[in-house]
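Read the numbers this way: they start at 1 and go in the same order the structure lists the ligands and their atoms.
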Amino acid sequence: MIDYTLDADGIATLTWNVADRPMNVLNLASIAAFDAAVQRAIGDSAVKGVIVTSSRPEFVAGGDLDLIRRIRTAEESMASSGPFSRTLRTLETSGKPFVAAINGTALGGGLEICLACHRRIVADDAKIQLGVPEVSLGLLPAAGGTQRLPRMIGIKAALPYLLEGRKVAPAQALDAGIVDDVVPADQLLARAKAWLLAEGPQATVKPWDAKGFKFPGGTPQTPGPTQLYFGIAGNLLGKTQGLYPAPEAILACVYDGCQVGIDAGLKIEQRQFAHLATSSATKNMIRTLFYSMGEANRLAHRPKNVPKRDYTRIGVLGAGMMGAGLAHVSALAGLQVVLLDTSLEAAEKGKAYGAKILDAQVAKGRMAADKRDRTLALIEPTTDYAALADCQIVIEAVFEDRAVKAEATRRAEAAMGPDAIFASNTSTLPITGLAEVSSRPAQFVGLHFFSPVEKMPLVEVIRGKATAEVTIAQALDFVKRIRKTPIVVNDCPAFYANRAFGMFPYEAMTMLAEGVNPNLIENAGRMAGMPMPPLALIDEFSAELLYKALKQSRLDQGAAYREQPQDAVLVAMVERFGRLGRKVGKGFYDHPADGKKTLWPGLAELYPLAAEQPDVEQVRRRLMHAQSLEAARCLAEGVVSARDADIGSLLGWGFPAALGGAVSHIDTVGAARFVEECDHLARHHGERFEVPSALRELAAAGGRYLEA
Ligand code: NAD
C-alpha cells in the first residue's frame, strides 16, 4: 500500500499505492501502512529526509466513506479518525523534513497529508485538484485540516476552502499559499529531493511550533477575524436553518481551535468530527449524495446483458423551452443534434437559446470561442423529419397536447431507423397512453427532464407498460452520456417527482384554507430547509400550471375525481382573482416591478385567520410529512425504488439533503413515529395523511427503508 525506498543520499520515498482500490483512499489498512512507513523513516538514522508521493494518477483522493458510515458512537469515531491525525502530527514534529511531492489530485485527507509536511511541491497540471471538500458530505477535515490551513493562510482565506469545499488547481493553490512550488511533472521528485538536501534540515519546525508564532491575519480574538466569524456564523444559520451541522462544527473548530495550541486544536477537531460522524444529517448526506447518487450515475441498476449504446446523433422535436435546453446540453456533450420545429424560425430560435448561454461563457473566459463554435455547429435546426433518419434517439418536447404529440410521434417514427428509440418529455401525460399511437411501443419511453434543462441534473426515465428493458437500458445510456442523473420510474400520473413534490404546495394551500397564518406557513417552509417557502414557490411556477393539472385530473377521472382541499384555493386564485403568480405581478404575493414582494393582503379577507394557530413545528411537519408520505405511496405502488426516490427528491425539487431525501426522512424520524404522527394528522386534517399498509407493516416490524 505504501512502497518504501531509501536511496544512497538518505532520502526515503513513501509512495501511496492502494492497489486493491480503484483510487488511493484512506482506510484502516492504508492508514496503518502509512503510519508504519512514517515510523520507519523517523526511526532509521540513515534517513535524512522523506518524500511522500503516489504511483497512481491521483495523490490521495480522500477518506474511505465505508469507514465513516460504520461509525455509531463518539468512541468509534475517535478510534477511526484519531490515529491518522496523530500520524500526521508525529510526522510534523519528528525533526526530519517531509516534503509532499503532489503528482495528482489531493483531496480531503490527501491534502491534509500535504499540509502536515514541511513543504508542498505540486506537478504543473491544471487538471489536479486540491481541496478539503468534506463539508459537502456533512463532514469536516479531521486530520488537521481545520487547524493547519488557517494557521498557514489565515482564517479569512481558509474559510472558503473549509466551509464551501472550494477546490483549486495548482496555480491557484500557489497564489493562495497552500503549496510552495509548482514544477513540471517530470521534475517533481528531483525537486523534492533537492529541497530536502539543501533546505530541509532547517525547515523541520512549523511556524506554529516555533516560539513567537504570529497567526496570519490575526487569531479569532482579534477584531477582524472576530467580526468575520460572527458575520459568517449568522449568515450560515440563515442558510442552513440549523439543519446542517458540518459548517457549524467547522466554524467551532476554527474559532475554538485557533485560540489554543495546535495539539489542543487537533483534539477539538476530533471531538467535532465525532459529533458529525454520529449525526443523522451526515449519515443521510453520505447515503444519498455519495452512495445512492454514485449508483445512479454509474447506472448500477441498468438492465444487464444489453450492450451499451454509444450515442453520436440525436433528434429533438420541438425547439421551445425544453427542446432548446435539451439540444444545448446534448451538443455540449458532443452529440450531433437535429432540432426540429414547425418553422425554421422556431428551430433557429431554439438553437439561439444555447448560443446565448455559450456566448456568456466565452465572455467570462470560461470557454474558448472555438469550442463554442464547434458546439453550436453540432445543432442542425430543421423542419424536415427526414433529417431524423440516422438519429439513435428522438426526444419529443412539443406542446403538452395528446393530438400534437401523436402527430409528431407518427411522423418521426416513419423517418427513424429500426433500432432508434423514441422518448417523450411530457410532464403530465402517462407514457403508456402516449405509446398507443406508436408503431413500436417497446421502443417508446419517457424521459422527464426538469426546467431549466442545463441546470437541473435529474431525469426521470419513465417505463410505460409496453417499454422493453432494452429501451430502458438505452435510455439510461443516453442520460449518462449527457451527464445527467437518471432515476427509473414506472408510469403513473405525474410520475414520481412532481407527484410527491406537489404535496408541498398543496398542503400549504390546504392550511391557508383552514385559516393558518400565511406568514407562519412560509416561515415553516423556510425552516424546513426547502429552497423556497411554498406559497412563494407557487407564484414562481404559477398557480395556473397547478390549475391546469387540476382540470386535467377532473377530466380524466370524471365522477371518480375526489375534490381535494386545495382545489378551491387554486380555483379562487386563478378564476376569481387572476392571481397567476410572479409572471403577472400578482399571486399569493404582490410582486411590484421595482420592489420586494410581500404577501397579498387580500389573503386575510379570503381566508380569515383561525382563532387557534398551530405552532411552527406542526406546520413544518405537515409540509414535510405530506411529501414523504406520497413518496412512501409511490414505493408501495412500485413506482420507484427507495434510493431513486431519495435522489429524485434532492435533485428534482431541493428536498433538504440533511434529511437524506423524501424516503430517508421517514427512516430519520423513525417509521413507527412517522406513522403515529401521520395517524394523528389524518384524524385532524383529513384522509390524505392515511399511511399505506406497507409503511404500517414496516413500522410494526421496527424496520427502515434504507440501511442507516
Ligand atoms: P414550449 O411551448 O416552450 O415549446 C414547445 C415547442 O414545440 C414550440 O417551439 C412549438 O413550436 C413546438 N411544436 C409544437 N408542435 C410541434 C410539432 N408538431 N412538431 C414540432 N414542433 C412542434 O413548451 P415546453 O415548455 O418546452 O414543453 C415541451 C414539453 O416538455 C411539454 O410536453 C411539457 O409538458 C414538457 N415539460 C415541460 C417542462 C417545463 O418546465 N416547461 C418540464 C418538463 C417537461
Side-chain angles (χ1 to χ4, degrees), residues 315-330 337-354 379-388 391 394-416 422-431 433-435 437 444-462 479 484 486-487 489 491 493-499 501-502 505 537-538 540-549 551-553 581-583 648 651-654:
V316 176
L317 308 182
M321 182 156 120
M322 298 303 285
L326 263 162
H328 169 65
V329 297
S330 303
V337 183
V338 175
L339 181 56
L340 184 148
D341 209 300
T342 45
S343 72
L344 196 58
E345 196 191 352
E348 294 278 7
K349 196 169 155 220
K351 178 172 175 174
Y353 175 83
I379 302 181
E380 178 190 330
T382 185
T383 57
D384 183 5
Y385 279 80
L388 302 171
C391 294
V394 172
I395 307 161
E396 168 277 299
V398 301
F399 296 140
E400 189 75 342
D401 178 305
R402 281 198 180 90
V404 176
K405 285 191 189 299
E407 168 75 6
T409 306
R410 278 194 211 97
R411 293 185 68 184
E413 283 185 347
M416 287 159 60
F422 187 93
S424 173
N425 177 45
T426 175
S427 42
T428 57
L429 304 170
I431 290 301
L434 291 181
V437 303
F444 193 109
V445 67
L447 280 184
H448 183 217
F449 287 82
F450 294 77
S451 172
V453 180
E454 64 279 9
K455 292 213 177 104
M456 297 293 283
L458 184 73
V459 182
E460 290 185 287
V461 176
I462 316 290
V479 176
K484 300 280 180 194
I487 62 172
V489 176
D491 196 16
F495 312 133
Y496 163 68
N498 284 346
R499 175 174 160 184
F501 168 53
L537 188 93
I538 302 172
E540 286 307 308
F541 61 65
S542 119
E544 196 181 18
L545 207 78
L546 295 178
Y547 173 76
K548 276 189 184 157
K551 281 211 323 202
Q552 188 68 43
S553 300
R582 191 168 58 89
K583 65 178 182 183
L651 299 188
W653 74 89

Under 4.0 Å between a side-chain nitrogen and a carboxylate oxygen: does that hold for K583 and E544?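 Yes, charged N to carboxylate O under 4.0 Å.
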Salt bridge E400-K548, side-chain N to carboxylate O under 4.0 Å: no
For the residue pair W653 and Y496, does the interplanar ring angle fall in the parallel (under 30°), tilted (30 to 60°) or perpendicular (over 60°) class?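 Aromatic pair W653/Y496 classed tilted.
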Interatomic distance, F450 atom CZ to S427 atom OG [nearest 0.5 angstrom]: 9.5 Å
To the nearest 0.5 angstrom, please state how far the NZ atom of K405 sits from the CG atom of L434.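 K405 NZ to L434 CG: 7.0 Å, rounded to 0.5 Å.
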Considering residues, nucleotides and ligands other than E454, do more than 12 of their heavy atoms fall under 6.0 Å from its CD?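 Above 12, so yes.
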Any idea which residues sit under 4.0 Å from ligand 1, heavy-atom distances?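 Residue list for ligand 1: G318, A319, G320, M321, M322, L340, D341, T342, Y385, A397, V398, F399, E400, V404, K405, N425, T426, S427, H448, F449, S451.
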